[in-house]
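Okay, structure first, notes after.
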Amino acid sequence: MPDILTADRPGIIRQLSGIPTRLRAARRLPSPREGTYPPVVEALAQRLSQLDPHVQGAIRVIAFYDTLMRRRVDLPALARASAGLAECAAGIRLHGTGRAIRVSPEGRDVSAPPVAASTTVPITLDEEEIGTVWLERPGTPLPLDEVLLERLALAAAAVVERYGPARTTMADPALVELVVSSDCDEAGRARALRLLGFAADLPVRVVAVRSPLPLDRIGALLCPSRPVKAAPVADVGVILATTVDRARFPAGVRAGIGTAESPDRSWQQARTALRFTTPRRPVVDHDSLGALALLAQVPPDALRDNADVAAIARLADAPDDLETLDAYCATGSLRRAADLLHLHHSSVARRLEQIGRTLGIELAEPTGLLRAGVALTTWRLLDD
């Protein structure tokens, strides 16, 4: 390990290669006799350093990074200082930008193919992992490598938070609610979007989500290389993104996608679209609903009073019949429904005949198929 961690003179660091001139003052580590910390901390550090050489080295590493953080260095300077301190290549990578910095002990950028990291530590901000720091030490990691990386990770998180919006996906729910609220004026909405990190000239898409998966994971998948923020609002997850690739939604996610330019209107559309999702159709764009979206505006009592909807509600006690009717309405074809259900078409025909009698609808007729489809969709809206 470098002599900073084993030197007999705890207040002095050797000159670190590659550290910019503005950081050279950081080579002088604060020691208890310099009075940098409160007397209680100084006394504790002095006692610990006498008890365990490992603790003594750890205190020096902590003081080293405290000095860098007080000087508000940037990520490249952090990487250079860390590589010089560890006397091996060091790296920093941020997930949100895909940016990676690798520096040699001499302070130069490393262009050679990366080798396996000897030690890694995640960078976390607001309880979310936003990146990774690592050392590329040949051979066995040294005892204080992990301490060094933990302090580097903390310093890197502080830099990310200081220079611009945090690169985290999870956002303050209050800000997200301002963006999607119909009661917020345009000036307040623009300010909330700016605080969330969205440029004024970029469109913002709104997605309403229900899923057992964490919102930050879904958001990062949807928009891996452009701004995206997520937060729970009421009983629904909200994702704000500049682009949405519906093919990137993971399995098990129900999502409605708004298409309006205004975020508040887009949010209303997204919530409506979410109500129309099904296990067979888990992601719905509001535009794809067409006139069906009007069903969401009908008062629930009026929907329940409809005879066809009431008949579907009774059918819900037979899940196999409900699945058969859903497949038939989705495909409009007995044979395609049979393929979807992995059943023989004669079996599906018998089921549909029985279902038609139960509903009082002639399913073989185009009008009957339309009635059944609308009733099934309406019943799902009531069940939402």
Side-chain angles (χ1 to χ4, degrees), residues 93-99 122-132 156-157 160-161 163-184 188-277 282-286 384:
R93 177 180 288 107
L94 298 180
H95 299 328
T97 63
R99 179 188 181 192
I123 305 170
T124 58
L125 186 59
D126 297 333
E127 299 183 356
E128 179 184 341
E129 183 177 329
I130 63 168
T132 307
V160 171
E161 189 172 29
Y163 294 107
R167 302 298 184 186
T168 55
T169 301
M170 295 306 293
D172 182 350
L175 283 178
V176 173
E177 193 163 7
L178 276 176
V179 170
V180 300
S181 174
S182 58
D183 296 329
C184 183
R189 195 183 331 276
R191 180 177 180 275
L193 285 169
R194 186 171 64 253
L195 290 173
L196 288 169
F198 291 97
D201 58 343
L202 288 178
V204 176
R205 304 287 299 276
V206 183
V207 183
V209 173
R210 282 201 178 100
S211 171
L213 298 176
L215 276 176
D216 59 320
R217 178 181 167 190
I218 300 171
L221 287 172
L222 288 185
C223 198
S225 59
R226 302 189 69 181
V228 58
K229 294 291 178 182
V233 173
D235 60 336
V236 178
V238 184
I239 296 177
L240 306 176
T242 52
T243 61
V244 176
D245 183 353
R246 55 178 296 139
R248 298 183 68 92
F249 281 97
V253 173
R254 297 281 191 96
I257 303 173
T259 54
E261 291 185 5
S262 173
D264 59 324
R265 178 61 181 154
S266 184
W267 168 236
Q268 296 300 322
Q269 292 180 345
R271 292 207 66 169
T272 297
L274 179 63
R275 297 179 64 193
F276 284 86
T277 59
V283 180
V284 174
D285 285 277
H286 185 269
D384 179 64

Residues in side chain to side chain contact (heavy atoms under 4.5 Å, CB included) with [X], at least two apart?
| X | result |
| --- | --- |
| S262 | D264, R265 |
| L221 | R217, P250 |
| T277 | R254, L274, V284 |
| A230 | T169, M170, L215, I239 |

Listed partners of [X] passing side chain to side chain donor-acceptor pair (under 3.5 Å), at least two apart:
| X | result |
| --- | --- |
| E177 | none |
| D216 | none |
| D235 | R210, R271 |
| S181 | none |

Less than 4.5 Å apart, any side-chain heavy atom of [X] and any of [Y]?
| X | Y | value |
| --- | --- | --- |
| L240 | V180 | yes |
| V253 | V283 | no |
| F249 | V207 | yes |

query: OG1 of T272 to NE2 of H286: how many Å apart, nearest 0.5 Å?
result: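 Here the rounded value is 5.0 Å.
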query: Got a second to check how far R194's CZ is from R189's CZ, nearest 0.5 Å?
result: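 The distance works out to 14.0 Å.
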Shortest non-hydrogen contact from [X] to [Y]?
| X | Y | answer |
| --- | --- | --- |
| A270 | G258 | CB-N, 3.6 Å |
| V179 | A192 | CG2-CB, 3.7 Å |
| P232 | P173 | O-CB, 3.7 Å |
| G252 | P212 | O-CD, 3.7 Å |

message: Other residues, nucleotides and ligands only: do more than 12 of their heavy atoms fall within 6.0 Å of CZ on R191?
response: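 For R191, atom CZ is not crowded (no more than 12 foreign heavy atoms under 6.0 Å).
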message: If the condition is salt bridge (Lys or Arg N to Asp or Glu O under 4.0 Å), which residues does R246 pass it with, not counting sequence neighbours?
response: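 R246: salt bridge (Lys or Arg N to Asp or Glu O under 4.0 Å) contacts with D285.
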- prompt: Could you walk me through whether W267 and V236 pass the side-chain contact (heavy atoms from CB on, under 4.5 Å) check?
  reply: CA-CA 11 Å; W267 168 236; V236 178; 4.0 Å; yes
